[in-house]
Amino acid sequence: MSKRFYITTPIYYVNDKPHIGHTYTTVLADVFARHHRMMGEEVYFLTGTDEHGQKIEKTAAARGITPQQLADEVMPNFENLWKRMGLTNDHFVRTTHAQHKAVVQERFKQLLDTGDIYKATYKGLYSVSDEAYVTETQAKELQTQGLAHQLVELEEESYFFKLSTYEHWLIQLYEKYPDFALPDFRLNEVKQFVAPGGARGNLQDLSISRTSITWGIPVPGDDRHVVYVWFDALLNYLSACREGFWPPTLQLVGKDILRFHAVYWPAFLMAMFRQEGEDLNGELPARIRALLPKTILAHGWWLMGEDKMSKSKGNIVRPDDLLRFGNDAGRYFLLRDMQIGHDRSFSFEGFMERLNADLANGLGNLASRSLSMLQRYRGGVVPVAVLFDDLDREVAEQGRKIAPVYLALAEKHDFSGALDHLWAYLRYLDGYIVKAEPWKLAKDDANQAKLDTVLCQLYRSLRATAILVAPVMPELAQQLWESLGMAGKVVEQRFADFQYEASAPGPVGEPKPLFQRIDKETVMKEMAEPTLAAPTAVAETPVEYAPLKENIDYDTFSKTDLRVGLVITAEAVPKSKKLIKMTVDLGFETRTILGGIKEAYTPEELVGRKIVVVANLAPRTLMGFESQGMLLAASDSNSMPYLIAPPADAKPGFIVK
RNA sequence: GGCUGGGUAGCUCAGGUGGUUAGAGCGAGGGUCUCAUAAUCCCUAGGUCGGCGGUUCGAGUCCGCCUUCAGCCA
């Protein structure tokens with residue numbers, strides 16, 4: 001039986017709109033899956049959606065539909081995207097699947113029976129505005145912002161998972177099997193969390209149920225409770241596992257959710273799989289280790305410049321931006337530019353430069369010139385290399401090494417390094433062509449054997465490249481494969497069977513451009529057009545409609561004095577996450593106004609903008625500054641604020657009504 | 001505040017255990033070839049290797065302090 005490879009992505013929250021982060025994780029998983037299939041392994045590739053929780057419940061209620069209807073409606077945002085991108089996930093799990101619910105309930109009950117889950121009272125600080133419990137750190141932050149009044153201490157009955165029981169085994173897992181979580185600096189963070197400074201007894205038990213939510217999986221035997229997020233979500237990897245594939249070989253996660261995957265998740269599994277007589281304070285049994293995921297791989301984030309992406313800054317990169325030049329181009333870029341584990345800033349220009357340099361000028365041009373010479377000088381029939389000088393020998397040597405080195409780097413999860421290495425080789429081949437000058441050899445009968453050698457080596461190198469990059473760029477690799485006169489599907493090739501010097505089967509085809517060079521300036525111009533006041537287009541995900549407030553009469557409304565204002569200066573308020581301090585010209589006077597829009601707008605982009613101001617609002621002091629008014633912005637509870645913008649020719653001081 | 005990890009050419013980054021003129025890719029400038037997708041190839045970057053001090057015959061490379069950025073602290 002061949003080796004098995006079970007790879008997962010996190011399940012994505014259905015309410016989110018897919019962005020480059022989701023795309024990156026899932027593409028990465030797809031590349032791994034394809035790569036391991038070409039290694040001859042049996043692969044099971046799982047992704048899906050997380051569909052429970054309060055947000056879904058609320059949004060659905062506001063729209064007058066059931067949470068399930070809402071989930072059904074938005075789930076395709078993900079599933080269809082992956083289909084459109086040609087991803088090869090073997091299954092798409094939803095936490096609303098009956099199978100999943102059954103497994104969660106069954107496991108919950110099991111752990112209830114073993115005493116790993118118990119009922120108690122949950123106490124914590126609850127943020128009224130966020131409708132969620134907050135952490136100590138978050139609470140402190142709110143207090144420094146003067147928002148302490150939003151916090152209330154709340155108590156509710158909850159089921160707890162005895163996380164503390166597994167501290168010893170967890171620490172052993174990290175110490176003895178450091179490849180359990182990668183990269184190593186992320187594992188360190190996990191260790192610090194479980195045992196800060198090596199201290200024991202820091203793990204607190206985990207609340208895994210809620211009575212305040214109804215949209216979720218009922219706790220077996222106590223349906224006032226619903227299973228809370230992580231015990232529900234993480235178990236998808238178990239509930240949707242295909243027979244015979246357990247445990248997961250590689251689980252991809254963003255760095256933000258590593259902790260849940262590297263602490264809670266193995267602890268849940270330890271609790272489920274442990275047997276009588278196994279000492280929780282002794283050695284971690286090898287039997288248990290073998291039932292836990294082999295590796296959790298945490299990747300970094302795509303940033304815009306220094307910043308995280310945010311919806312209303314208009315700097316969020318959507319899958320379609322990435323797919324603008326084709327699926328394969330996007331895939332290549334994601335894999336080549338992101339070093340796994342590290343953050344990376346995205347720029348559209350960098351994206352295009354990478355594609356031009358590597359795909360058009362690099363591989364595309366090399367294939368084009370090689371194939372064209374094979375056609376022109378040898379009628380498309382690939383000759384056999386017979387005569388080798390030092391340069392040819394070196395090229396052959398490099399050629400034989402390219403696949404082993406590439407595969408070794410890929411084995412270490414380093415596709416960026418592998419592609420980098422392969423492209424260095426392609427550059428080297430361009431140099432080889434210039435040194436060998438096949439166009440001169442062709443003119444001299446005495447040099448025909450030498451010309452054969454050069455053409456043959458180029459052919460072999462391209463064939464190796466087509467196979468190696470097939471998991472990353474399946475379409476482009478197939479096209480190259482066919483141009484080289486090879487039959488069948490390149491993805492059906494097996495790395496182990498590959499031989500650099502294998503003979504060529506058939507005449508090569510006409511060279512077709514593998515990747516069309518991008519005219520950067522034209523594209524940038526096109527993209528610049530539609531960006532106006534609204535930073536991004538309307539979200540595709542359903543808006544969360546807040547319930548209407550009670551009616552008021554006209555007189556009440558007319559007491560509000562709304563004015564057009566022009567932002568003259570703007571600066572971020574130090575130590576505040578949200579506030580920006582602005583000087584606003586109201587025509588008849590100038591005001592200082594503070595607005596909580598820092599997450600959505602930078603001070604620079606505010607200057608010169610016209611906004612709408614509530615001009616007769618009593619002044620209020622925020623973070624030590626007096627705000628003499630309030631600005632108007634639109635949002636739902638999911639989105640960043642969108643500033644309300646008067647038309648360009650409205651003058652400061654105009655009344656808005 | 002505690003614990004990590006960074007600050008190296010315009011940009012993105014390499015630089016095991018200290019040792020001659022600090023490297024790569026991209027971008028930019030100049031030149032070349034003509035098989036090729038105005039592609040290739042060659043040359044060109046005068047970088048106080050964040051700052052100060054120390055150890056050493058000799059330090060991006062070790063030590064201390066400072067500064068700054070990022071991550072984790074349920």
Side-chain angles (χ1 to χ4, degrees), chain A residues 122 124-125 133-140 160-161 163-164 183-199 202-208 229-230 254-260 262-264 267 298 300-301 303 305-308 336-339 341-347 349-378 416-417 419-421 423-424 426-443 451 454-455 458 511-520:
Chain A
Y122 183 84
L125 286 172
Y133 286 98
V134 298
T135 67
E136 285 175 34
T137 323
Q138 288 170 323
K140 271 183 207 157
F160 283 84
F161 173 74
L163 186 59
S164 48
D184 53 358
F185 59 92
R186 294 278 171 222
L187 179 62
N188 282 339
E189 286 175 7
V190 171
K191 284 186 196 169
Q192 277 304 310
F193 171 75
V194 173
N202 277 280
L203 278 186
Q204 291 168 25
D205 290 348
L206 185 68
S207 165
I208 53 167
V229 53
W230 288 108
K255 61 180 186 178
D256 50 326
I257 53 171
L258 175 62
R259 202 180 63 229
F260 307 107
V263 183
Y264 304 165
W301 285 343
L303 310 173
E306 303 291 300
D307 301 325
K308 289 175 190 173
R336 174 63 186 81
D337 263 40
M338 177 70 98
Q339 287 182 281
H342 296 87
D343 289 349
R344 177 81 184 183
S345 36
F346 178 89
S347 87
E349 264 191 283
F351 177 44
M352 292 189 287
E353 276 166 10
R354 170 65 76 189
L355 298 181
N356 274 343
D358 288 7
L359 297 187
N361 303 350
L363 177 58
N365 184 241
L366 177 65
S368 173
R369 66 199 304 206
S370 302
L371 289 166
S372 153
M373 286 190 282
L374 274 162
Q375 280 298 350
R376 181 187 293 220
Y377 302 137
R378 291 295 178 264
S416 172
L419 292 168
D420 185 40
H421 188 265
W423 255 258
L426 298 180
R427 278 194 297 277
Y428 168 76
L429 290 174
D430 271 326
Y432 173 52
I433 295 177
V434 170
K435 285 189 198 120
E437 298 184 300
W439 48 91
K440 284 190 184 159
L441 299 174
K443 290 176 185 157
L451 178 59
V454 173
L455 296 176
L458 291 174
K512 279 180 290 187
L514 284 181
F515 183 83
Q516 209 57 251
R517 199 181 151 74
I518 300 163
D519 182 353
K520 256 171 44 185

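All chains are named by letter (A, B, ...) in the order of the sequence lines, taking the proteins before the strands, and each is independently numbered beginning at 1.
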> In whole angstroms, how far is the P atom of C41(B) from the NZ atom of Lys440(A)?
Replying inline: 17 Å
> Between C35(B), U37(B), A74(B), which one does the side chain of Tyr264(A) approach most closely?
Replying inline: A74(B)
> Does Arg517(A) make a side-chain N or O approach to OP1 or OP2 of A39(B) shorter than 4.0 Å?
Replying inline: yes
> Quantified in whole Å, what is the C1' atom distance between nucleotide U34(B) and nucleotide G27(B)?
Replying inline: 25 Å
>> For Gly300(A) versus Met338(A), what's the shortest heavy-atom pair and its separation?
In response: O-CE, 3.8 Å
> Which nucleotide, C35(B), G71(B), A74(B), lies nearest any side-chain atom of Trp439(A)?
Replying inline: C35(B)
> U12(B), C35(B), C73(B): which one has an atom nearest the side-chain heavy atoms of Arg369(A)?
Replying inline: C35(B)
> Which value, in whole Å, describes the distance between the P atoms of nucleotides G23(B) and C43(B)?
Replying inline: 14 Å
>> What is the separation between atom CH2 on Trp423(A) and atom P on A39(B), rounded to the nearest whole Å?
In response: 18 Å
>> When you compare the side chain of Trp423(A) with that of Leu359(A), does any pair of heavy atoms fall below 4.5 Å?
In response: yes
> Under a 4.5 Å cut-off applied to non-hydrogen side-chain atoms, are Ile433(A) and Trp439(A) in contact?
Replying inline: yes
> For Leu366(A), which contact category applies under a 4.0 Å heavy-atom criterion: base, sugar-phosphate, or nothing?
Replying inline: nothing
>> Please give the distance between the P atoms of A38(B) and A28(B) as a whole number of Å.
In response: 16 Å
> If pairing requires Watson-Crick or G-U wobble contacts with both distances under 3.5 Å, which nucleotide is the partner of A28(B)?
Replying inline: U44(B)
> In whole Å, what separates the C1' atom of U67(B) from that of A22(B)?
Replying inline: 24 Å
> Rounded to whole angstrom units, what separation is found between the CG atom of Leu441(A) and the P atom of C33(B)?
Replying inline: 18 Å
>> Measure CG/Asn365(A) against C1'/C33(B) and give the value in whole Å, please.
In response: 13 Å
>> Measure CG/Asn356(A) against C1'/U40(B) and give the value in whole Å, please.
In response: 15 Å
> Quick one: which of A74(B), A36(B), G71(B) gets closest to the side chain of Leu163(A)?
Replying inline: A74(B)
> Does Arg427(A) put a side-chain nitrogen or oxygen below 4.0 Å from OP1 or OP2 of A24(B)?
Replying inline: no
> CG of Asn202(A) versus P of G2(B): gap in Å, rounded?
Replying inline: 17 Å
> Given that both distances must come in under 3.5 Å, which nucleotide forms a Watson-Crick or G-U wobble pair with G5(B)?
Replying inline: C69(B)
>> Using the P atom as the point on both nucleotides, what is the distance between U61(B) and C42(B), in whole Å?
In response: 33 Å
> Do the rings of Phe346(A) and Phe351(A) sit parallel, tilted or perpendicular, given the 30° and 60° boundaries?
Replying inline: tilted
>> Regarding Lys435(A), tell me which of base, sugar-phosphate or nothing describes its non-hydrogen contacts under 4.0 Å with the strands shown.
In response: nothing
> Which nucleotide in the set A74(B), U12(B), G27(B) lies at the smallest distance from any side-chain heavy atom of Arg344(A)?
Replying inline: U12(B)
> Expressed as a whole number of Å, how far does the C1' atom of G60(B) sit from that of G51(B)?
Replying inline: 14 Å
> Taking the P atom of each, how far is C62(B) from G47(B), in whole Å?
Replying inline: 24 Å
> Closest approach of Pro511(A) and Ser368(A), non-hydrogen atoms and distance?
Replying inline: CB-O, 4.1 Å
> Is G60(B) in the syn or the anti form, by the rule that syn lies within 90° of 0?
Replying inline: syn
>> If you apply the rule side chain to side chain contact (heavy atoms under 4.5 Å, CB included), what do you find for Tyr264(A) with Leu163(A), and how did you get there?
In response: CA-CA 7 Å; Tyr264(A) 304 165; Leu163(A) 186 59; 3.8 Å; yes
> Reckon Gly364(A) touches a base, only the sugar-phosphate, or nothing at all at heavy-atom distances under 4.0 Å?
Replying inline: base
> A74(B), U12(B), C26(B): which one has an atom nearest the side-chain heavy atoms of Phe193(A)?
Replying inline: A74(B)
>> Under 3.5 Å for both donor-acceptor distances, Watson-Crick or wobble: does C62(B) have a partner, and if so which one?
In response: G54(B)
> Nearest-Å distance, CG (Leu429(A)) to P (C35(B))?
Replying inline: 19 Å
> Leu203(A) near the nucleic acid: base, sugar-phosphate alone, or nothing, with a heavy-atom cut-off under 4.0 Å?
Replying inline: base
> Using the C1' atom in both, what is the distance from C26(B) to U20(B), to the nearest Å?
Replying inline: 30 Å
>> Checking contacts here: which listed nucleotide (C41(B), C26(B), C72(B)) is nearest the side-chain heavy atoms of Ala357(A)?
In response: C26(B)
>> Within the 4.0 Å heavy-atom criterion, would you say Tyr377(A) contacts the bases, only the backbone, or no part of the nucleic acid?
In response: sugar-phosphate
> Which residue lies toward the 5' end of RNA chain B, Asp205(A) or Gln192(A), if each is placed at its nearest nucleotide?
Replying inline: Gln192(A)
> Checking side chain to side chain contact (heavy atoms under 4.5 Å, CB included) for the pair Arg344(A)/Asp337(A): CA distance, chi angles, key distance, verdict?
Replying inline: CA-CA 8 Å; Arg344(A) 177 81 184 183; Asp337(A) 263 40; 3.2 Å; yes
>> Whole angstroms only, please: what is the CD-C1' distance between Glu189(A) and U4(B)?
In response: 7 Å
> Met373(A) versus Leu451(A): any side-chain heavy-atom pair under 4.5 Å?
Replying inline: no
> Should A36(B) form a Watson-Crick or G-U wobble pair with both distances under 3.5 Å, which nucleotide is its partner?
Replying inline: none
> Which part of the nucleic acid does Ser368(A) contact within heavy-atom distance under 4.0 Å: base, sugar-phosphate only, or nothing?
Replying inline: base
> Between Glu353(A) and Leu514(A), who's closer to the 5' end of RNA chain B by nearest nucleotide?
Replying inline: Glu353(A)
